[in-house]
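Written below as structure tokens is the structure these notes are about.
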Amino acid sequence: MSNFDLESWLRTRRAEIDALLAARIAVVPTDADPGRLVEAMRYSLLAPGKRLRPLLVLAAAEALGREPDEPLRLAAAAVEMVHCYSLIHDDLPAMDDDDLRRGQPTSHKVFGEAIAILAGDALLTLAFEWLAEAGAGALAATGDPLVAQRHLRAVAALAKGAGMSGMVRGQARDLGEPQPESLQAVEGLAAEKTGALFRAALEVGAVLAGAGPAQEEALVRFGKHYGVAFQHVDDLADEDHVTTQTEARQRLHVLTQTALDALSLFDRHAEPLRALARRLVDG
Ligand code: GRG
């Protein structure tokens with residue numbers, strides 16, 4: 001049995017991510033802020049989220065023995081920004097029409113719909129600016145073109161997970177099709193709408209840490225199963241979408257075990273990922 005202390009790991013890594021998000025978003029000045037756009041970006045980004053996706057970026061890199069340096073943390077922060085934009089847009093009246101998010105009124109309730117849409121747009125685009133900057137910084141520091149190539153691959157992985165091959169496509173399906181009935185259909189939707197960004201988080205961490213093909217494939221496989229398992233946990237908590245609670249609970253166990261199996265080729269450095277997966281089942 002490993003004696004890895006997940007709570008302590010989470011405290012340290014979350015504090016690093018929160019500090020970076022706060023420092024970087026603070027540089028965007030709010031004076032002469034048209035329509036309170038920057039204020040709206042800060043309001044949603046700095047609200048207390050679990051920071052799960054950026055933590056997975058860092059945990060994937062750590063599985064390969066890479067400690068979080070500035071470019072990696074910036075990439076992790078970029079993944080959180082994409083997630084944050086998706087929550088703002090998902091809460092809009094045209095989508096889920098929610099009043100509360102992260103324990104506070106949703107963006108459109110505070111700033112109005114137009115600014116909420118623009119705050120989401122701005123966070124999404126700023127995420128890619130940060131990711132590109134991380135690559136430029138790492139290239140300048142190392143002079144190694146391989147580093148730049150890795151960052152370009154990370155940009156592509158995040159764009160793919162977030163966009164019309166991933167989360168946006170899943171959201172469009174969710175809005176446009178009747179609620180899925182079978183567990184298989186529920187999981188198919190979850191894999192796109194929620195899972196694609198988790199998968200991308202693992203891919204970003206793996207690619208930036210210089211994973212070989214087998215390592216990258218294993219980490220992406222972990223992310224794929226983790227993401228669907230995460231959605232089951234969320235649905236079970238909401239009693240949402242779930243055809244039979246028992247079946248969903250069983251699938252949660254199977255998917256978590258499959259995610260853990262994907263890590264068999266990694267050593268103790270993958271303990272944060274393993275502990276995060278076990279937590280899905282253990283709560
Ligand atoms: C608008 C393009 C677009 C996509 C929206 C992810 C998503 C797609 C919508 C969120 C709807 C939702 C509540 C789905 C359930 C799973 C989920 C993503 C929960 C929120 O993620 P957490 O629990 O949130 O990690 P925090 O606030 O902790 O970051």
Side-chain angles (χ1 to χ4, degrees), residues 10-11 13-14 17-18 21-22 41-59 76-108 113 116-125 127-128 158-177 179-180 186-202 223-242 248 252 255 276-277 279-280 283:
L10 285 172
R11 252 194 320 278
R13 295 291 178 248
R14 238 183 226 139
I17 293 160
D18 282 338
L21 288 171
M41 291 165 72
R42 285 185 186 171
Y43 175 82
S44 293
L45 187 65
L46 301 182
K50 294 184 288 298
R51 313 300 189 205
L52 203 44
R53 294 150 193 82
L55 287 166
L56 285 164
V57 174
L58 300 182
V79 176
E80 177 66 15
M81 305 259 286
V82 172
H83 169 58
C84 185
Y85 122 79
S86 81
L87 297 179
I88 296 173
H89 282 195
D90 187 65
D91 290 334
L92 288 166
M95 299 210 194
D96 250 21
D97 196 9
D98 278 315
D99 294 346
L100 281 176
R101 169 68 63 187
R102 293 178 164 175
Q104 62 183 29
T106 44
S107 182
H108 65 273
E113 277 183 54
I117 292 168
L118 293 171
D121 293 339
L123 286 168
L124 173 64
T125 43
F128 284 95
L158 184 55
K160 203 167 164 189
M164 40 70 73
S165 316
M167 181 173 68
V168 168
R169 184 186 147 94
Q171 182 77 345
R173 269 181 67 193
D174 195 19
L175 294 169
E177 292 175 7
Q179 281 223 341
V186 167
E187 287 189 358
L189 183 61
E192 279 186 348
K193 187 181 147 178
T194 315
L197 198 56
F198 280 107
R199 202 193 118 121
L202 270 289
K224 196 172 138 195
H225 291 102
Y226 181 98
V228 180
F230 175 89
Q231 185 67 62
H232 277 310
V233 173
D234 197 73
D235 287 349
L236 282 163
D238 286 355
E239 298 188 359
D240 200 15
H241 283 302
V242 177
L252 170 60
L255 288 162
L276 283 165
R279 202 172 200 239
L280 286 176

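One-based numbering, in listed order, for ligands and for the atoms of each. Position 1 is the first residue of the sequence; numbering continues from there. Remember, it's a predicted structure, so these values are computed and weren't measured experimentally.
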For ligand 1, output the ligand-protein N/O contacts shorter than 3.5 angstrom; if there are none, return none.
unit_1, atom_1, unit_2, atom_2, d
ligand 1, 21 (O), Arg53, NH2, 3.1
ligand 1, 23 (O), Lys50, NZ, 2.5
ligand 1, 25 (O), Arg53, NH1, 2.8
ligand 1, 25 (O), Arg53, NH2, 3.4
ligand 1, 27 (O), Arg102, NE, 2.8
ligand 1, 28 (O), Lys50, N, 2.9
ligand 1, 28 (O), Lys50, NZ, 2.9
ligand 1, 29 (O), His83, NE2, 2.8
ligand 1, 29 (O), Arg102, NH2, 2.8

Which heavy-atom pair separates Leu92 from Ala116 by the least distance, and what is that distance?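 Closest pair (atom of Leu92, atom of Ala116, distance): CD2-CB, 4.0 Å.
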How far apart are the closest heavy atoms of Gly188 and Arg173, and which atoms are they?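 Here Gly188 and Arg173 meet closest at O-NH1, 4.0 Å.
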Is the side chain of Arg102 donor-acceptor paired with the backbone N or O of Ser44 at a distance under 3.5 Å, no angle test?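 Confirmed, Arg102 side chain pairs with Ser44 backbone.
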Does the Gln104 side chain pair with the main chain of Tyr43, one donor and one acceptor, at a distance under 3.5 Å? yes
Got a sec, which residues hit ring pair (Phe, Tyr, Trp, His ring centres under 6.0 Å) with Phe198, two or more places apart in sequence or on another chain? Tyr226, Phe230
Is there a side-chain contact between Arg101 and Asp96 (heavy atoms, below 4.5 Å)?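 No, too far: nothing below the 4.5 Å cut-off.
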